[in-house]
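All remarks here apply to the structure that follows.
Below, each value reflects all heavy atoms present in this structure, side chains not excepted, and no hydrogens, waters or symmetry copies. Lettering follows sequence order; numbering is per chain, from 1.
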Number of protein chains: 2
Amino acid sequence: MATGRTHRPATRSRGIPEATVARLPLYLRALTALSERSVPTVSSEELAAAAGVNSAKLRKDFSYLGSYGTRGVGYDVEYLVYQISRELGLTQDWPVVIVGIGNLGAALANYGGFASRGFRVAALIDADPAMAGKPVAGIPVQHTDDLEKIIQDNGVSIGVIATPAGAAQQVCDRLVAAGVTSILNFAPTVLNVPDGVDVRKVDLSIELQILAFHEQRKAGEESAADTALPAAAAAAARKASADQGPDGDVPAVMPA
Amino acid sequence: MATGRTHRPATRSRGIPEATVARLPLYLRALTALSERSVPTVSSEELAAAAGVNSAKLRKDFSYLGSYGTRGVGYDVEYLVYQISRELGLTQDWPVVIVGIGNLGAALANYGGFASRGFRVAALIDADPAMAGKPVAGIPVQHTDDLEKIIQDNGVSIGVIATPAGAAQQVCDRLVAAGVTSILNFAPTVLNVPDGVDVRKVDLSIELQILAFHEQRKAGEESAADTALPAAAAAAARKASADQGPDGDVPAVMPA
DNA sequence: ATATGTGAATCAGTTCACAGCG
DNA sequence: CGCTGTGAACTGATTCACATAT
């Protein structure tokens with residue numbers, strides 16, 4: 001194996017690991033903050049601390065983009081901001097549609113994070129005829145019937161789904177058919193999409209369940225889970241947060 | 001070196017990989033749907049398809065929980081629902097507070113995903129005195145001043161931060177000091193927490209930037225198919241702000 | 001002297017492929 | 001048989017540690 005095809009051309013922007021891509025926005029945010037404070041340069045150590053990662057990882061990440069630092073000195077903040085922005089495709093304008101203007105959709109439309117950084121809410125779409133024409137975040141809601149036309153007229157390639165779960169796949173199919181190739185899904189459903197379409201999901205319920213898992217573990221670390229405790233011990237367990245062993249173990253057991 | 005932190009090879013299958021934990025809610029959702037349709041058993045193949053993963057991964061995941069399947073048959077739906085629920089800590093009640101009742105916080109309070117599965121919105125907290133007493137999703141908003149008391153009175157161990165970025169760390173510190181040990185952060189900030197506190201973040205802006213990265217690459221790839229000449233056809237899509245402009249370097253990226 | 005950039009080592013997660021059980 | 005459960009191989013990500021450049 002490994003005959004041939006393994007070596008990548010060392011040119012930048014080819015083959016950046018997914019995990020690295022996912023951290024670039026984090027670095028960018030930290031750098032932007034530094035830029036606003038007119039900090040001219042930053043070391044991998046400092047920047048890593050600001051982004052909440054370790055410095056070796058950060059350097060490795062940046063090495064995939066190219067050699068943008070200066071040995072013995074650090075990284076030029078402005079220059080890095082520009083390079084990362086470009087790498088992420090933020091130097092261009094991305095029109096986005098939000099489908100499903102309920103509580104969440106409306107909140108997203110109003111969310112500042114959308115407007116910043118090259119993302120522009122091009123249209124809001126909802127299935128409820130009563131919503132049609134009503135402005136949300138200053139943008140009139142349009143009816144689902146016109147979805148395809150809206151996508152095409154605005155050259156939209158990124159769609160946000162904030163519909164109820166039951167409608168999500170259907171909306172997704174229509175978005176994809178109309179030309180959308182990236183979807184951010186807030187509906188609690190697994191979306192099926194053809195190859196070439198990226199889906200990222202944001203799922204509140206899943207995040208909470210993951211937290212609950214760890215929370216449960218903290219609360220009863222030694223008692224096996226064989227017996228489902230009635231567990232109203234949550235309140236009692238709270239106080240245990242104060243004590244944390246240095247290298248752990250021997251967690252306080254809390255009887256109800 | 002690194003102080004050989006051997007993961008605990010506990011007597012039983014304690015030590016479920018993080019990646020597996022993150023998928024359990026997905027399986028649970030698929031199983032719940034089957035359960036509602038009164039499907040008695042399901043194979044790893046079918047369930048994997050419903051959850052959007054591959055079947056080997058699913059079987060491996062389940063193997064960390066124990067041997068809950070029957071060879072030649074599959075998994076008992078009801079039984080698995082119970083086992084996964086228990087593993088995730090969903091057989092108990094988790095009171096949750098939401099801090100920051102703006103558009104997003106209100107949407108979260110109204111979100112159905114919260115109410116289901118053992119999570120209960122115990123309180124809504126906001127810094128705006130004008131909000132105090134106003135009901136959101138049927139729950140009166142309380143003022144930040146009372147945060148500590150609210151946490152303690154309700155035995156809250158999971159907090160959701162939906163404040164503006166500037167307030168998030170401060171809120172986080174107070175939550176942790178009051179006994180919260182799991183935080184779901186919607187604010188676009190890296191939170192610093194002591195050991196023993198779990199943070200998960202949900203960041204719209206980051207997700208969009210990741211999508212933009214892939215989107216940009218799709219656009220650029222159509223022409224650079226390794227064989228074709230550098231046709232200008234798809235170059236139109238790629239705005240080609242390729243290298244630094246002759247004059248200003250200042251990128252026109254505005255943060256928020 | 002100092003901090004980057006990167007091979008090499010390590011660790012985590014995924015997939016394979018088949019033994020083992022119903 | 002069919003389908004689970006799992007060692008083994010593999011792939012990807014992280015961390016280490018130091019040569020390298022300023």
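The distance between atom OH of B:Tyr27 and atom C1' of D:dT4, rounded to the nearest whole Å, is 14 Å. Rounded to whole angstrom, the span from the CZ atom of B:Arg59 across to the P atom of C:dA19 amounts to 15 Å. Here D:dT4 presents its C1' atom at 15 Å from OH of B:Tyr79, a figure rounded to the nearest Å. Between the OH atom of B:Tyr64 and the P atom of C:dA12 there is a distance of 11 Å, given to the nearest Å. As rounded to whole Å, 9 Å separates atom P of C:dA3 from atom CD of A:Glu45. Rounded to whole Å, the distance from OH on B:Tyr68 to P on C:dG22 is 17 Å. Look at CD on B:Glu46: it is 9 Å from P on D:dT4, rounded to the nearest Å.
Put simply, B:Thr70 has no side-chain N or O that comes within less than 4.0 Å of OP1 or OP2 on D:dT4. OP1 or OP2 of D:dT6 has not a single side-chain nitrogen or oxygen of B:Lys60 nearer than 4.0 Å. Considering only side-chain N and O atoms, A:Tyr75 lies under 4.0 angstrom from the phosphate OP1 or OP2 of C:dG5. Contact check, A:Arg23 against D:dT14: a side-chain N or O comes under 4.0 Å of OP1 or OP2. Close to C:dT14, at under 4.0 Å from its OP1 or OP2, lies no side-chain N or O of B:Asn54.
Salt bridge status for B:Asp203 with A:Arg29: present, with a side-chain N to carboxylate O gap under 4.0 Å.
The six-membered or imidazole ring of B:Phe62 lies near that of B:Tyr75, with a centre-to-centre distance under 6.0 Å.
No engagement by A:Phe62 is indicated, since no non-hydrogen atom pair under 4.0 Å with the nucleic acid exists. When heavy atoms are screened at a 4.0 angstrom cut-off, A:Glu18 is found touching the sugar-phosphate backbone but no base atom.
Within 3.5 Å, a donor on the side chain of A:Arg71 pairs with an acceptor on the base of D:dT20, or the reverse.
Residues B:Ser44 and B:Arg59 bring a donor and an acceptor atom of their side chains to less than 3.5 Å of each other.
A pairwise comparison of heavy atoms in B:Ala212 and A:Leu90 identifies CB-CD2, 4.3 Å as the closest pair. Closest heavy-atom contact between A:Phe186 and A:Ala162: CB-CA, 4.3 Å.
Out of D:dG5, D:dA13, D:dT15, the shortest distance to the side chain of A:Lys57 is found at D:dT15.
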